[in-house]
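Chain letters run A, B, ... following the sequence lines, proteins first, then strands; residues in each count from 1.
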Number of protein chains: 2
Amino acid sequence: MDNGERKPTLKDVAALSGVSVISASRVMRGAPNISAKLREKVERAAQTVGYQRNRIAGSLRGQTTELIAVIVPSMSNHVFPQIVDGIDDALKGSQLRLVLGMSKYDEAGEAAILRDMLTWNPAGVILSGLEHSDETKTALAHFTGPIVEVMDSDGDAIDMSVGVSMDEAGKLIARHLVDQGYTRIAYVGAWGERPKRSLKRRLAFEAELARLGHPIITSVILDEASSLASGAAGIEMLFAKDLDLDAVFFANDDLALGALFYCQARSIAVPGDIALAGYNGLEMCQSITPRLTTISTPRFEMGRLAGQLIRARIDGADIATRQQMRLELELVAGETT
Amino acid sequence: MDNGERKPTLKDVAALSGVSVISASRVMRGAPNISAKLREKVERAAQTVGYQRNRIAGSLRGQTTELIAVIVPSMSNHVFPQIVDGIDDALKGSQLRLVLGMSKYDEAGEAAILRDMLTWNPAGVILSGLEHSDETKTALAHFTGPIVEVMDSDGDAIDMSVGVSMDEAGKLIARHLVDQGYTRIAYVGAWGERPKRSLKRRLAFEAELARLGHPIITSVILDEASSLASGAAGIEMLFAKDLDLDAVFFANDDLALGALFYCQARSIAVPGDIALAGYNGLEMCQSITPRLTTISTPRFEMGRLAGQLIRARIDGADIATRQQMRLELELVAGETT
DNA sequence: ATCTTTATTGGTAACGTTGTCATTTAAATT
DNA sequence: AATTTAAATGACAACGTTACCAATAAAGAT
């Protein structure tokens, strides 16, 4: 595969087509004011020598890349892949590329990855959530490109943000459960409440329950990561406490589904014996019987908007539209509550 | 946040610490043979001016980046995110970064993204599957770094590969169903059998069924993407044909689960009325009741190995170990067959 | 036919780093 | 103490592109 020779450069293309290097450059990157004749000559020469642009060189000269740094907690999760998919969708058709890093829900990890990514001079940065370590903020202090924080809308963005309200989510579910007549309500979280937005959601949930006169009976926060298995473990733990609960809200659908399957396997009636609700609105929730009550979050859409904001600022560069977008949540009442 | 000044460079660090630029460079990238004194001076100066490496410049000079181009079909899928997670895991601790692209299951799209990515001079490339358009192969013809194709092991790799055998998967399920006494067996695929490896799996499945004396009754290939909903649509379509089937193998777990939920919602007994089997071994399969029979694929592990191969070749550069790794599949017999 | 304006092309330098080779300094050997 | 070897530092050039400005050619205006 390797013919041993070095890659053809603009110089080679220029030489072959008998034009200057700078003209070849202009043709290759589609700059304006190029005659058809010249364009054709250069394109043929490029074809012949097998020229490939060198974005590294271009980026050095131009002092900016077309790379977007994206840092998410993890990909083993149903949420972030869809965010990334949305970002990619928004970037389609541009020359922008995603550089991906995973923080594993660790704030120090996020800062380290971010610092590394900034050495590539990205054109923009996308982070998840609004809570970041001081290190992260310091690293971004001298970054001049657009920054979008995605997921959460309750708080101040470093630059721009696209998210949903954790506060609203907690309240929505609390009201729904009380409306349905449940009074002895519990909560199950996981992974030590990382990221922090799950904590915000829980606090809003608990506050609203209290306000409605049915304060939370107990909240269990597991150490393990969210999974179907830990959801099952969570509800088992609650049952063991013998608290006569009638409803449980879980930090996410994975946990809630795990609990639902746990109940189904043991013939515990849902919602007869216990009502269950989750958060995220995974496709799964609407396909199973009974359908899981949950809050549907616009994951793909958040990613897409984040990508669009970044792109708009890079392209148009027109205004430093420092904005925070809050998207709507939807309570999807299933048959588990 | 933007203080208006340009970013500090090695020149600034060198000036402040009173050493040469090249010495500052050596300290910053941890080159050998540096006196403690010099190192300390430089590091303090770097700290003071807030120096950040510029990998773009370094990459131009060194004619190589530390970027790994990864192209997968999509992220709205349970398979590829885990592959990516595995790759990231393997790259952890190195300076290598993932640049991600999505082909949307389109071969022309793959080639276009790949060409674009190659303009960034990546150190390595990871693709999914072994089937690629000529354009893709042409684009890679002059690429000198390591290339790993992940997912599939039935066929020739461009360079290296890590995958499982589609042929074996098809046979495993065929034998299992026949062993269990099923004789009137059907298949449901989706998304027009993209990527091609699902086709390979089906053909092996059909061939093995025929060999065992119970040729496939019918194979339905849906146009829509795989999802729980399309799985339900698939089995509904089969029932409508009134073929007196006793088992169905689905192209993946999403489809199979969709079919299972469809049956559960309609009190169709599984496996009494119809047996169902999927492919991938998602966590979900083992949590529901009845547990879904499926073939478990080592997704994270495939990604991890792909990352390790790339990393080994880049680091050690030691041998052009042109290898193809085939990982084991495991039939997970659940209660749906 | 001459003068402007605009479209098209070219030349030079610079982006920030590091490979290569040269030089100086320190350590080891005779 | 003189010589050899190794360690530490430095100078220079080059990686391939494009921003900036200058020059030329074409088109339009008078």
May I ask you to say what Gly58(A) touches in the nucleic acid, namely base, sugar-phosphate or nothing, with a heavy-atom cut-off under 4.0 Å? sugar-phosphate
*Quick one: is Asn33(B) getting a side-chain N or O under 4.0 Å of the dA8(D) phosphate, OP1 or OP2?*
yes
Salt-bridge criterion met for Glu107(A) and Arg194(A) (N-O under 4.0 Å) = no
### Task
Classify the side chain of Arg61(A) and the base of dT18(D) as holding, or not holding, a donor-acceptor pair under 3.5 Å.
yes
Side-chain contact check for Arg29(A): nearest option of dG16(D), dT18(D), dC20(D) is dT18(D)
Taking for Leu60(B) and for Val19(B) the nucleotide of DNA chain D with the nearest heavy atom, the one nearer the 5' end belongs to Val19(B)
- Query: Hey, are Ser161(B) and Gln324(B) close enough side-chain-wise for a donor-acceptor pair under 3.5 Å?
  - Reply: yes
Among dG10(D), dT18(D), dG10(C), the one nearest any side-chain atom of Ser20(A) is dG10(C)
May I ask you to evaluate whether Gln52(B) reaches the phosphate of dG16(C), defined as a side-chain N or O under 4.0 Å from OP1 or OP2?
no
Donor-acceptor pair between Asn121(A) and Lys7(B) side chains, under 3.5 angstrom | yes
| said: Need one value for Ser25(B): base, sugar-phosphate or nothing, where a base atom within 4.0 Å counts as base even if backbone is also close, heavy atoms only. | reply: base
With hydrogens left out and only the distance checked, is there a donor-acceptor pair under 3.5 Å joining Arg55(B)'s side chain and the base of dG16(C)?
no
**Report entry** Side-chain donor-acceptor pair present, Arg53(A), Thr119(B), cut-off under 3.5 Å
**Finding:** no
(message) By the 4.0 Å heavy-atom rule, please label Ile56(A) as base, sugar-phosphate, or nothing.
(response) nothing
Testing dT18(D), dT18(C), dG10(D) for proximity to the side chain of Leu10(B), the answer is dT18(C)
